[in-house]
Amino acid sequence: MDYKYDISVVVPLFNEAESLPELRAWIERVMKEHHFTYEIIFVNDGSTDTSWQVIEGFAKDDDAVHGIKFRRNYGKSPALFCGFRKAQGRVVITMDADLQDSPDEIPELYRMITEEGYDLVSGYKQKRYDPLSKTIPTKLFNATARKVSGIHNLHDFNCGLKAYRNEVVKSIEVYGEMHRYIPYLAKNAGFDHIGEKVVHHQARKFGKTKFGGLNRFVNGYLDLLSLWFLNSFGLKPMHVFGFLGSLMFFFGFVAAIVVGAVKLVHLYNGIPAPLVTNSPYFYIALTMMVLGTQLFVAGFLGELISRNAEGRNNYHIEKEF
């Protein structure tokens with residue numbers, strides 16, 4: 001496959017006008033020192049400051065700079081999705097725009113992809129300059145992600161600094177807030193040669209973090225459960241819900257027959273028999289049959305939805321160059 005550039009750098013951003021000139025100059029210096037052909041794709045995620053004007057200024061005198069401007073704030077995952085779709089480099093590098101990710105890491109990340117054959121290399125910020133309110137939940141989150149995903153060699157799933165083979169970013173769908181689980185998405189797509197590199201983490205130089213607090217971790221766990229479920233059952237919902245529903249309905253039906261048979265035996269032998277509705281087993285059997293039917297229908301609807309889902313990644317882009 002022919003690539004237009006050695007490297008595509010995808011930078012999602014939201015209100016980072018102050019840091020963009022230094023970041024762009026830093027990336028440019030690293031690329032020229034190592035003689036890489038490259039492009040920088042800035043994805044402006046609905047910024048309310050002058051970020052877009054800064055990006056347009058870059059593009060006036062530098063053909064390597066490209067920009068995507070969302071009409072409103074969608075989030076990091078949509079920004080990455082659109083950046084990935086536009087990237088034309090052999091290796092795609094993602095990094096945050098706040099200068100906490102170092103462009104000096106790019107040459108080694110590129111080498112690990114092109115020479116060591118990794119599909120994806122994730123950064124690991126071993127020494128962080130974040131408050132404890134962020135680092136402690138992050139450790140718990142990463143431990144859970146390792147367990148669920150089966151990718152045991154990654155310490156920091158959510159590190160913004162990552163490198164990918166171009167085929168990886170073209171094969172995965174990043175939506176919602178799934179940017180935290182891109183290694184898991186890549187693994188599910190068949191790209192399981194995933195590595196890690198310890199990278200330098202710098203203190204924020206301008207503004208304040210866009211990190212949203214505890215709700216990010218709550219949403220992160222919910223997304224992880226969703227991804228695990230979709231990976232396990234998303235392609236065959238009828239096999240799961242249909243089987244469980246049929247099983248539950250069968251046992252409920254058998255239980256109802258037993259309750260009715262006991263009633264008939266009593267009547268046949270002239271023995272006073274209590275009302276069927278007085279037996280708790282009747283209600284248990286009835287509940288199992290109803291739940292079984294609902295699970296079966298849920299599986300059937302899941303099959304229809306999984307075959308017809310469209311428009312998940314349609315975002316309103318105001319400008320692009």
Side-chain angles (χ1 to χ4, degrees), residues 6-12 26-27 30 34 36 76-77 80-81 83-84 87 89-130 134-174 177-204 211 216-217 220-221 223-224 227-228 231:
D6 295 325
I7 297 174
S8 293
V9 182
V10 178
V11 183
W26 195 351
I27 294 173
V30 171
H34 293 83
F36 290 131
K76 190 172 183 178
S77 290
L80 288 174
F81 174 81
F84 288 163
R90 179 186 181 187
V91 174
V92 179
I93 305 287
T94 60
M95 61 172 51
D96 294 335
D98 55 12
L99 296 174
Q100 290 190 280
D101 295 330
S102 171
D104 288 331
E105 307 284 357
I106 290 176
E108 179 60 16
L109 290 171
Y110 179 84
R111 189 196 66 79
M112 293 177 72
I113 296 291
T114 58
E115 296 183 16
E116 297 186 25
Y118 286 104
D119 297 315
L120 184 158
V121 179
S122 182
Y124 172 31
K125 296 172 182 176
Q126 200 167 28
K127 182 178 180 181
R128 303 185 67 100
Y129 292 92
D130 293 321
K134 183 176 178 179
T135 55
I136 293 177
T138 295
K139 289 182 181 296
L140 294 174
F141 163 77
N142 282 309
T144 305
R146 283 194 297 273
K147 183 69 174 178
V148 173
S149 68
I151 308 175
H152 301 293
N153 62 316
L154 292 191
H155 294 83
D156 190 356
F157 278 72
N158 197 28
C159 178
L161 185 57
K162 289 183 173 67
Y164 315 79
R165 286 201 295 119
N166 186 283
E167 291 80 4
V168 175
V169 302
K170 302 299 185 183
S171 302
I172 61 176
E173 183 184 18
V174 189
E177 295 186 21
M178 290 297 180
H179 59 273
R180 301 179 180 92
Y181 307 112
I182 289 180
Y184 195 12
L185 292 172
K187 178 186 175 184
N188 293 341
F191 300 98
D192 55 3
H193 195 187
I194 297 172
E196 183 176 76
K197 180 186 183 301
V198 175
V199 297
H200 180 62
H201 184 226
Q202 303 182 123
R204 172 175 276 273
F211 177 72
R216 288 285 184 95
F217 292 104
Y221 276 108
D223 287 338
L224 182 59
L227 189 56
W228 170 80
N231 179 55

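Everything quoted here is computed from the prediction, not taken from an experiment.
Here the side chains of Glu108 and Val121 are not in contact, with every heavy-atom distance at 4.5 Å or above. Taking 4.5 Å as the limit, some side-chain heavy atom of Leu161 sits within range of a side-chain heavy atom of Leu109.
Closest non-hydrogen pair, Ala189 versus Ile172, comes out as CB-CG2, 4.1 Å. For the residue pair Ser122 and Leu120, the shortest heavy atom distance occurs at N-CD2, 3.8 Å. A pairwise comparison of heavy atoms in Asp156 and Cys159 identifies OD1-N, 3.3 Å as the closest pair. Minimum heavy-atom separation, Val198 to Glu105: O-OE1, 4.2 Å. Minimum interatomic distance between Lys162 and Phe157 (heavy atoms only, all atoms of both residues): NZ-O, 2.8 Å. Of all heavy-atom pairs between Val30 and Pro103, the closest is CG1-O, 3.7 Å.
Panel note: side chain Arg146, backbone Leu154; a donor-acceptor pair is recorded below 3.5 Å.
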Salt bridge (Lys or Arg N to Asp or Glu O under 4.0 Å) between Arg165 and Asp119, intermediate numbers included: CA-CA 5 Å; Arg165 286 201 295 119; Asp119 297 315; 2.7 Å; yes

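Using a cut-off of 4.0 Å between Lys/Arg side-chain N and Asp/Glu carboxylate O, Glu167 and Lys170 are scored as not salt-bridged.
Phe84 and Tyr164 have their aromatic ring centers within a separation under 6.0 angstrom.
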